[in-house]
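What follows is a single structure, written as structure tokens, with notes after it.
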Amino acid sequence: MDDLQELIDRLEHWQRADTGFDGPTPRHRAIDALRERGPGVVPALVGRLEDLLAATARHHERVAAVQEVWDAWYEEGDRLTDEYGLGADIEPYRTVSSDSLPQQSARDRGYRDPYHLKQGIIEALHHLGDRRAAPVLTAALSDLACVPAAARALRDIQADQPVPALLDAVTLIDHHANKDIVFDPVLAALRHYGVSVGQARERFEAESSPLGRVRLMHLLEELPDDGADRPAKSQIRDSLIFLAMDDRDTMVQSQAIRALGELDNRGMERGSGVSGMDAPPPAAVVRSAIALAAHGNPPGHDRELTSRLRRLAVDTPTVFRAVEAVLTQDFPTPDEKELRLALRLALQVNISTMDADAPMRLIRALYSASSHPRVGDRALFVLRRHDYVLFEQMTQDDDALRAEARAIFEAIAGPGDHARLAQFSAGRRGRWSRLLSRITRR
């Protein structure tokens, strides 16, 4: 038995030793040795793979549970910071104190996915061709590292009802990158088991994750016509909008922006000098994202969409243009929830990264929103948080711009605002005095 376990361990090594000679890999030599032993090795291979799959699943569950608490903590921190201001002590207002945040165990921090070994065991089971392996091969479809190998094996090792697991696997895999290696084996297995458009559509309608819905829609487009109705491409528009705001995966973001352009029959908006991969989401798409997030969509993903919008708002001009359009109540007319989210995003805007006219456009948009009967007070709050921008506009060389900024200030200013303006002006004079002093000493 120990010798058998050693053979199974060797399945991890899929590369040839660097001997300078061609020859079978340690994995292939181990597979040959297992085949010589006959079908009696199958239970040991199945048991080992089951253990590895279970350990991986438990690790992901533990990590996800910790991450869920941290995500909620970050989201609450963003919301409280927007409410009370950067640098404010928000700890008393938290529902989960910072001191009680869960931490990953040392075991999970040091976890290394044994994906080479899992893939090697699946390859060995595939070569052995024993139907007793079918259940564990079907279970392996839930493990991202195992999906292609398990799908290939299941075309030769007949399983009972593997279609649901194969459809679930579609939501895990990228249908763009390495399509022939990753997606095509799953598609081939689904066709082998006679998946219908109706089955795929039912799975699509049950899927809640935006990325999963997009991937299932791609599958539906790849399946042969069997007379069943396919969902309209417009049913993934919200999912594509969510993915277009993905500031941490530019590949997914650019693919979503391109798909939205095709869906809406328009080209992508591009800033000058940026490649398609680096192009920001168009302002119209951001405007739609604001509407989605404000109304709790996509279901279960609205908090993440809001977080993405907040990060993008810092230095993405198209986000600023979308926020401006909402605050000035441009078409489509926003409702109160959309206005409130746009005001949150306006707090993040870094004017120094925008066009030269952006500061005054921000001031105008916030001042316009200040007349709204239900969010006017909040707009004034945000405008006062940007008072340094308004003060800067009141010192511009352009007479008309300076007068407009002064008029807005006088319309909203209270005693404290006049004091802050005086402090700003004194500091500005001090900087000029120091600059002139350095010049005259030269």
Side-chain angles (χ1 to χ4, degrees), residues 1-64 104-160 162 165-166 168-169 172-174 177-178 180-186 188-189:
M1 187 66 178
D2 289 341
D3 181 42
L4 176 57
Q5 291 303 323
E6 288 178 10
L7 275 179
I8 294 174
D9 288 338
R10 282 166 51 192
L11 294 170
E12 179 179 9
H13 306 294
W14 60 276
Q15 293 175 308
R16 292 183 178 88
D18 188 14
T19 61
F21 300 97
D22 290 336
T25 65
R27 174 181 292 176
H28 288 148
R29 288 197 296 269
I31 289 174
D32 289 341
L34 289 166
R35 293 176 71 179
E36 288 176 5
R37 289 185 174 225
V41 302
V42 170
L45 287 165
V46 168
R48 184 69 176 278
L49 183 56
E50 287 175 338
D51 290 344
L52 292 171
L53 292 173
T56 300
R58 288 193 297 269
H59 164 73
H60 288 314
E61 288 171 2
R62 291 191 302 269
V63 170
Q104 286 186 22
S105 66
R107 173 181 54 173
D108 287 326
R109 289 196 302 273
Y111 179 80
R112 296 293 180 269
D113 190 341
Y115 57 91
H116 285 314
L117 180 55
K118 289 184 289 189
Q119 292 165 355
I121 295 174
I122 291 171
E123 189 174 344
L125 289 170
H126 189 178
H127 279 280
L128 289 163
D130 194 305
R131 284 202 63 184
R132 288 176 293 173
V136 76
L137 292 174
T138 304
L141 292 168
S142 65
D143 189 310
L144 177 59
C146 300
V147 169
R152 284 192 295 269
L154 284 167
R155 290 185 65 193
D156 296 321
I157 300 175
Q158 200 67 17
D160 295 328
L166 284 163
D168 289 345
L172 304 178
I173 55 176
D174 189 346
N178 298 318
D180 56 334
I181 298 173
V182 178
F183 177 79
D184 287 353
V186 179

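- Put simply, NE2 on His28 and NE2 on His127 are 5.5 Å apart, with the number rounded to the nearest 0.5 Å.
- Sorted by first then second residue, the side chain to side chain donor-acceptor pair (under 3.5 Å) pairs that include residues 148-158, not counting sequence neighbours, are His126-Asp156, Gln158-His192.
- Heavy atoms only, all atoms of each residue included: Leu128 and Leu34 are closest at CD2-O, 4.2 Å.
- With rounding to the nearest 0.5 Å, the separation of CG in Leu45 from CD1 in Ile8 is 4.5 Å.
- Taking CZ of Arg58 as the start and NE2 of His60 as the end, the distance is 12.0 Å to the nearest 0.5 Å.
- Taking OG1 of Thr56 as the start and CG of Asp113 as the end, the distance is 4.5 Å to the nearest 0.5 Å.
- Side-chain atoms of Gln104 never come within 3.5 Å of backbone atoms of Val63 as a donor-acceptor pair (strictly under, hydrogens ignored).
- The shortest side-chain heavy-atom distance between Leu144 and Tyr115 does not fall under the 4.5 Å cut-off.
- Considering every non-hydrogen atom in both Ile157 and Arg131, the closest pair reads CG2-CA, 3.8 Å.
- In this structure, Arg132 contributes its side chain and Pro39 its backbone to a donor-acceptor pair below 3.5 Å.
- Nearest heavy atom pair, residue Leu141 against residue Ala165, reads CD1-CB, 3.8 Å.
- Contact record, Glu12 with His116: O-CB, 3.4 Å, taken as the closest heavy-atom pair.
- The two atoms that bring Pro185 and Ala151 nearest to each other are O-CB, 3.7 Å, heavy atoms only.
- Among residue pairs with one or both ends in residues 134-143, those qualifying as side chain to side chain donor-acceptor pair (under 3.5 Å) are Lys118-Asp143; sequence neighbours excluded.
- Screening residues 42-51 for salt bridge (charged side-chain N to carboxylate O under 4.0 Å, His left out) gives Asp9-Arg48 as the qualifying pairs, with residues at least two apart or on separate chains.
- Contact annotation: the side chain of Trp14 never approaches that of Thr25 to less than 4.5 Å [non-hydrogen atoms, C-beta and beyond].
- Side-chain atoms of Leu125 and Val136, non-hydrogen and from C-beta on, do get closer than 4.5 Å to each other.
- Taking the side chain as every heavy atom from C-beta outward, Leu7 and Arg10 approach each other to under 4.5 Å.
- Leu11 and Ile31 get closest at one heavy-atom pair: CD2-CG1, 3.6 Å.
- Taking 4.5 Å as the limit, every side-chain heavy atom of Asp174 sits out of range of all side-chain heavy atoms of Val182.
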